Amino acid sequence: MHYFEEMAAKVLAGEELSDVEAMAILQCSDEDILPLLHAAYQIRKHFFGKKVKLNMIMNTKSGLCPENCGYCSQSIVSKAPVEKYSMMKKAEIVAGASRANGLKAGTYCIVASGRGPENRELDIVVEAVKEIKETYQEMTICACLGILKPEQAARLKAAGVDRYNHNINTSRFHHSNITTSHTYADRVETVETIKQAGISPCSGVIIGMQETLEDVIDMARSLKQLDADSIPVNFLHAIKGTPLEGTDELNPRYCLKVLCLFRFINPSKEIRISGGREVNLRSLQPLGLYPANSIFIGDYLTTEGNAGLADQQMLEDMGFEVDLVEMNKEISEFQY
């Protein structure tokens with residue numbers, strides 16, 4: 001049995017990786033990538049079979065953000081030429097759900113830039129979610145509106161929001177190198193707030209922001225500690241005009257190793273290949289689905305993604321199946 005298969009067996013037996021084992025995944029030789037992917041797939045298959053969850057983003061408010069996050073084209077320090085607009089009208093958000101349904105996306109993500117939602121913005125989202133849930137009862141609604149107050153989280157829960165995304169983005173040790181307009185603790189507090197409201201927590205990372213391998217391991221362990229149900233793994237798409245412009249640390253093989261690490265450390269959780277998938281994994285995108293069990297389809301916030309039908313063809317070619325039901329079953333059973 002290969003070393004990585006032995007590690008996978010330990011994980012499936014309920015044991016956690018040691019730091020040495022975690023580092024061995026990230027430092028895996030390129031010649032051992034296939035055995036690593038095979039081992040990660042044993043874990044993924046145990047919990048999710050051949051199912052793949054599809055997610056679609058709607059950028060309901062673009063730019064106009066007072067935060068100084070170094071990776072983001074919508075931040076106040078960015079000089080990137082992105083479209084800027086205030087919160088969409090309810091009808092536009094509802095129409096996005098119809099497009100998501102047409103692409104067989106089981107999860108529709110309502111995203112808005114900014115530190116946190118104003119009451120007027122929250123009102124629009126709440127009313128839109130209520131209408132969407134009347135039409136698409138099986139669709140999972142995820143909101144990503146920034147830092148939330150407990151009363152705001154309660155309103156979203158009452159409206160029918162199933163999941164809330166608030167990424168930790170990087171490790172607690174590297175956080176101040178990426179942004180200083182909020183703290184790592186602010187992000188963790190928001191995740192805890194949504195959990196207390198009974199909303200399923202979604203929290204992930206951005207890889208490739210000049211972090212160390214130790215930082216990457218810490219991110220994966222922190223998300224395990226937070227008990228995030230869904231973990232989006234983004235790979236930095238360094239946009240011209242942002243502070244991280246020109247950063248180019250990633251190659252497709254390393255991205256695959258990172259996805260495997262997150263599967264080994266968070267074996268039963270949804271691992272989603274997210275932003276930067278197309279430009280960083282490139283021709284190896286299909287292999288990412290051996291450790292991961294979820295992808296975004298369509299475009300991201302300010303960058304283009306694959307055409308939805310191309311992604312569905314990829315899944316069909318690999319013998320995977322689109323998961324439309326399990327997400328809602330998971331949400332309905334979610335309790336805190």
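This structure is a prediction, so every number in the text was calculated from the model and none was measured.
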Verify the cluster assignment for L26 and M7: are they in a single hydrophobic cluster under the rule of side-chain heavy atoms below 4.5 Å apart? yes
List the steps, then state whether side-chain contact (heavy atoms from CB on, under 4.5 Å) holds for I265 with R221. CA-CA 7 Å; I265 291 181; R221 293 202 190 283; 4.3 Å; yes
Rounded to the nearest 0.5 Å, how far does OG1 of T190 lie from CG of N165? 11.0 Å
Before you tell me yes or no, could you show the steps for E121 and L145 under side-chain contact (heavy atoms from CB on, under 4.5 Å), namely the whole-Å CA-CA distance, both residues' side-chain angles and the distance that decides it to 0.1 Å? CA-CA 9 Å; E121 296 169 339; L145 311 174; over 6 Å; no
Under 4.0 Å between a side-chain nitrogen and a carboxylate oxygen: does that hold for D311 and K104? no
Heavy-atom count around K50 NZ within 6.0 Å, excluding the residue itself: above 12? no
Is any side-chain heavy atom of H38 closer than 4.5 Å to one of Q42? yes
Using a 4.5 Å cut-off on heavy atoms from C-beta on, say whether the side chain of K53 contacts that of F48. yes
On a heavy-atom basis, which atom in P286 and which in S283 lie closest, and how many Å separate them? CD-O, 3.6 Å
Just checking, any donor-acceptor pair under 3.5 angstrom between side chains of N169 and Y71? yes
Closest non-hydrogen atom pair, N280 against H237: ND2-N, 4.4 Å
Can you give me the closest heavy-atom contact between T140 and D162, atom names plus distance? CA-OD2, 3.3 Å
Quick one: pull up OG in S230 and CG in N293 and give me the separation to the nearest 0.5 Å. 8.5 Å
Whether R272 engages the ring of F296 as a cation-pi pair (distance to the six-membered ring centre under 6.0 angstrom, angle to the ring normal within 45°) should be assessed. yes
Hey, quick one: are I206 and V188 part of the same hydrophobic cluster, counting side-chain heavy atoms closer than 4.5 Å, chains of contacts allowed? no
Where do L281 and C255 come nearest, in terms of heavy atoms and distance? CD2-CB, 3.6 Å
Which atom pair, heavy atoms only, marks the closest approach of S171 to M219? N-CG, 3.7 Å
Could you walk me through whether Y108 and L103 pass the side-chain contact (heavy atoms from CB on, under 4.5 Å) check? CA-CA 11 Å; Y108 177 51; L103 288 170; over 6 Å; no
Quick one: does P291's side chain get under 4.5 Å of L37's, heavy atoms only? yes
Does K157 use its side chain to pair, donor to acceptor, with the backbone of G198 at less than 3.5 Å? yes
Rounded to the nearest 0.5 Å, how far does NZ of K257 lie from CZ of F262? 15.5 Å
Side chain to side chain contact (heavy atoms under 4.5 Å, CB included) against T183, all qualifying residues, sequence neighbours excluded: A185, D186
Residues in ring pair (Phe, Tyr, Trp, His ring centres under 6.0 Å) contact with Y254, at least two apart in sequence or another chain: none
Heavy-atom donor-acceptor pair, T193 side chain to E189 backbone, under 3.5 Å: yes
Mind checking whether H166 and L148 have side chains closer than 4.5 Å, heavy atoms only? no
Indicate yes or no: at least one non-hydrogen side-chain atom of R155 is less than 4.5 angstrom from one of V161. no
Hey, any chance V11 and L256 share a hydrophobic cluster, counting ILVMFWY side chains that come within less than 4.5 Å of each other, even indirectly? yes
Co-membership, hydrophobic cluster, residues L259 and Y41, 4.5 Å side-chain: yes
Indicate whether the side chain of R163 and that of T107 have a donor and an acceptor atom separated by less than 3.5 Å. no
Hydrophobic cluster identity match, F264 and V205, side-chain contacts under 4.5 Å: yes
Mind checking the CD1-OG1 spacing from I168 to T170? Nearest 0.5 Å is all I need. 7.5 Å
Is there a donor-acceptor pair under 3.5 Å between the side chain of K133 and the backbone N or O of M139? yes
Go through the steps to decide whether D227 and K269 satisfy the test side-chain contact (heavy atoms from CB on, under 4.5 Å), and finish with yes or no. CA-CA 9 Å; D227 199 24; K269 303 299 187 178; 2.7 Å; yes
By side chain to side chain contact (heavy atoms under 4.5 Å, CB included) - contacts of T179 (at least two apart): N68, C69, H175, S181, H182
I'd like to check the side chain to side chain contact (heavy atoms under 4.5 Å, CB included) partners of P252; sequence neighbours left out, ordered by chain and number. R282, L284
Might you confirm whether atom CD of E92 has over 12 heavy atoms from other residues, nucleotides or ligands at distances under 6.0 Å? yes
Taking everything shown except Q225 itself, do over 12 heavy atoms lie less than 6.0 Å from its CD? no
Minimum-distance pair of heavy atoms, taken over all atoms of Q152 and P117: NE2-O, 3.0 Å
Between D215 and T212: side-chain donor-acceptor atoms closer than 3.5 Å: yes
Does the R115 side chain pair with the main chain of E67, one donor and one acceptor, at a distance under 3.5 Å? no
With sequence neighbours excluded, give me every side-chain hydrogen bond (donor to acceptor under 3.5 Å, both in side chains) pair touching residues 238-248. Q210-T247
Nearest-0.5 Å distance that lies between atom CG in L261 and atom SG in C28: 11.5 Å
S62 side chain near Q74 side chain, heavy-atom distance below 4.5 Å: yes
Judged by atom type as modelled, is there a donor-acceptor pair below 3.5 Å linking the side chain of N55 to the main-chain atoms of I295? yes
So, do N59 and M88 sit near enough that their side-chain heavy atoms are less than 4.5 Å apart? no
With a 4.0 Å cut-off on N to O distance, would you call E118 and K61 a salt bridge? no
The ring pair (Phe, Tyr, Trp, His ring centres under 6.0 Å) partners of F4 (sequence neighbours excluded) come to H2
Here the gap from I199 atom CD1 to Y164 atom OH, rounded to the nearest 0.5 Å, amounts to 8.5 Å
Between V126 and L156, is there a side-chain heavy-atom distance shorter than 4.5 Å? yes
